[in-house]
Amino acid sequence: MDHRPLNLPDALLAALRQARRAVVLTGAGISAESGVPTFRDAQTGLWASFKPEELATPDAFRRNPKLVWEWYAWRRQRVGSVAPNPGHAALVEIEHRVPEFTLVTQNVDGLHKRAGSRRVIELHGNISRTKCFKEDVLVGQWNETGEVPPRCPRCGSWLRPDVVWFGETLPPEAFAAAEQATADCDLFLCVGTSAVVYPAAGLPFTALRAGATVVEVNPEATPLTAHATHALRGPSAQVLPALVRAAWGPIPSSPARGTHS
Ligand code: BV8
């Protein structure tokens, strides 16, 4: 039975089946169907009057550390109450099928690892980790004195989420690993990102320069769409499972996966 509801060209399916080194770049869109609002989505409740890029900066934290800390606490609670979706699961399946696979995410929600993805590069950090604002080192425990944000047990400075804020550089080793994998890849999937935040948004173009097949999955057009080898218009929790089924047949429900083809 033909599982291809979407128009999935044979050339695309062949590129998936023949891929030896794949890189996937994800953005907030892949977590949307899990119930995590994207950066584009209007914020709700307390945060309705704030644009994310206004809160996700060192200046915003210096101006009002309590406000920014509580925004991340709210996001942590949201992320803690949702689960990965079939889009995340399909990427785990692709990781099992392609010999070399690297998942590069802009998301700080940790849902890829919760879905079972193994080779994940978190370019912008992870909100489940905390670090010292002054010393920039991870902090696992601190005294809950009720002060918001809590203080670093070593230097007494504020604590902050271990994420990359606008105007801050990405962790050099993480970005170098993402760039290296992208320069060597033969297949690059770009899923659920508006492709406007740099340097992450430059990666699909590095893949194009490397001669890779570049596939965009997004219900909307982005600055990448016109350059992509294939642009699949639709929500990732539907498109990615359909893509995997069309390329490799029904997804095995149990972990009894096929070995690398
Ligand atoms: C830096 C962590 C050195 C925190 C984030 C070059 C040109 C212009 C500007 C710059 C440049 N270089 C640097 C800059 C400045 C800046 C930047 O890019 N600004 C943008 C706004 C123009 N970059 C930086 O500051 C970076 N640092 O470069 O340092 C430097 C510094 C200063 C000046 C020069 C150099 C740091 C960037 C990282 C910031 N931290 N996150 C946190 O999460 O709180 S960025 C954050 O926003 C996300 O991580 C992500 O990267 C970005 C949001 O983008 P998306 O994830 O794509 O989400 P978005 O909501 O935008 O779009 C969702 C998409 O999903 C949409 O397309 C939608 O259609 C789609 N979608 C919706 N539903 C679905 C779906 N897709 C599939 N399925 C669905 N169901």
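Each ligand, and each atom within it, is numbered from 1 in the order the structure gives.
- Other residues, nucleotides and ligands place more than 12 heavy atoms under 6.0 Å from the CD atom of Gln77.
- Here the protein heavy atom with the shortest distance to atom 70 (C) of ligand 1 is Asn218 OD1, 3.4 Å.
- Under a 4.0 Å heavy-atom criterion, Ala200 is not in contact with ligand 1.
- Contact annotation for Glu53 and ligand 1: no heavy atom of the residue comes within less than 4.0 Å of the ligand.
- Counting heavy atoms from C-beta outward, Phe175 and Pro199 have side chains that approach closer than 4.5 Å.
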Derivation and outcome, salt bridge (charged side-chain N to carboxylate O under 4.0 Å, His left out), residues Glu122 and Arg129: CA-CA 12 Å; Glu122 295 177 318; Arg129 292 191 303 263; 3.2 Å; yes

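- Near Arg75, with a cut-off below 4.0 Å to any heavy atom, the atoms of ligand 1 are 42 (C), 43 (O), 44 (O).
- Considering Asn218, Leu243, Val191 as possible partners of Ser236, the one that fulfils the side-chain contact (heavy atoms from CB on, under 4.5 Å) test is Val191.
- Judged by the 6.0 Å distance and 45° axis criteria, Arg76 is not positioned over the aromatic ring of Trp74.
- Of the protein's heavy atoms, Val164 O, 3.2 Å lies nearest to atom 2 (C) of ligand 1.
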Salt bridge (charged side-chain N to carboxylate O under 4.0 Å, His left out) between Asp162 and Lys131, intermediate numbers included: CA-CA 6 Å; Asp162 179 27; Lys131 63 182 179 180; 3.5 Å; yes

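- The presence of a protein heavy atom under 4.0 Å from atom 26 (C) of ligand 1 is confirmed.
- Under the 3.5 Å distance criterion, the side-chain polar atoms of Ser117 are left unmatched by any main-chain donor or acceptor of Lys113.
- Here is the list of ligand 1 atoms found below 4.0 Å of a heavy atom in Pro219: 71 (N), 74 (C), 75 (C), 76 (N), 77 (C).
- Note: Leu208 CG to Leu203 CG = 11.5 Å, rounded to the nearest 0.5 Å.
- Of all the atoms in ligand 1, the ones that sit under 4.0 Å from a non-hydrogen atom of Glu168 are 1 (C), 26 (C), 27 (N), 29 (O), 36 (C).
- Contact annotation for atom 37 (C) of ligand 1: protein present (non-hydrogen atoms, distance under 4.0 Å).
- For ligand 1, none of its N or O atoms has an N or O atom of Trp71 under 3.5 Å away.
- Under the 4.0 angstrom criterion, atom 34 (C) of ligand 1 counts as lacking any protein heavy-atom contact.
- The closest donor-acceptor contact from the side chain of Asp109 to the backbone of Leu111 lies under 3.5 Å.
- Counting the atoms of ligand 1 from 1 in the order shown, those under 4.0 Å from a heavy atom of Tyr72 are 4 (C), 42 (C), 44 (O).
- Glu54 places a side-chain N or O within 3.5 Å of a backbone atom of Lys51 that can act as its donor or acceptor partner.
- Distances from atom 9 (C) of ligand 1 to the protein include no heavy-atom value under 4.0 Å.
- Proximity of Val191 to ligand 1, defined as any heavy-atom pair under 4.0 Å, is not found for any part of the residue.
- Checked by atom type and distance alone, the side chain of Arg209 never pairs as donor or acceptor with a backbone atom of Ala212 at under 3.5 Å.
- In terms of protein heavy-atom proximity, atom 22 (C) of ligand 1 is closest to Val196 O, 3.6 Å.
- Taking only nitrogen or oxygen atoms, main chain and side chain alike, Gly192 reaches within less than 3.5 Å of ligand 1.
- Nearest non-hydrogen protein atom to atom 32 (C) of ligand 1 is Gly167 CA, 4.0 Å.
- Distances between N or O atoms of Asn107 and those of ligand 1 include no value under 3.5 Å.
- Given atom 15 (C) of ligand 1, the protein heavy atom at minimum distance is Tyr198 O, 4.9 Å.
- Among all non-hydrogen protein atoms, the one lying nearest atom 61 (O) of ligand 1 is Arg40 NE, 2.5 Å.
- Remark: side-chain polar atoms of Gln238 are not paired, donor with acceptor, to backbone N or O of Pro235 under 3.5 angstrom.
- At a threshold of 4.5 Å between side-chain heavy atoms, the hydrophobic network of Ile, Leu, Val, Met, Phe, Trp and Tyr places Leu224 and Leu232 in two separate groups.
- Applying side-chain contact (heavy atoms from CB on, under 4.5 Å) to Trp158 and the options Arg151, Arg62, Lys66 leaves one that passes, Arg151.
- Between Asp186 and Arg20 there is no salt bridge, since none of the side-chain N atoms of the basic residue sits less than 4.0 Å from a carboxylate O of the acidic one.
- Below 4.0 Å from some heavy atom of Ala28 lie the following atoms of ligand 1, by number and element: 55 (P), 56 (O), 58 (O).
- For ligand 1, the atoms lying closer than 4.0 Å to a non-hydrogen atom of Thr169 are 3 (C), 29 (O).
- The protein non-hydrogen atom at the shortest distance from atom 80 (N) of ligand 1 is Glu33 OE1, 2.8 Å.
- Distance remark: protein heavy atom present below 4.0 angstrom from atom 74 (C) of ligand 1.
- Between Phe39 and ligand 1, at least one N/O pair is under 3.5 Å apart.
- Looking only at protein heavy atoms, the nearest one to atom 79 (C) of ligand 1 is Gly29 O, 3.3 Å.
- In summary, Glu135 and Arg154 engage in a salt bridge, as defined by a charged side-chain N under 4.0 Å from a carboxylate O.
- Taking every heavy atom of Pro235 and a limit of under 4.0 angstrom, the matching atoms of ligand 1 come to 78 (N), 79 (C), 80 (N).
- When each atom of ligand 1 is checked for a heavy atom of Ser236 under 4.0 Å away, the hits are 77 (C), 78 (N), 79 (C).
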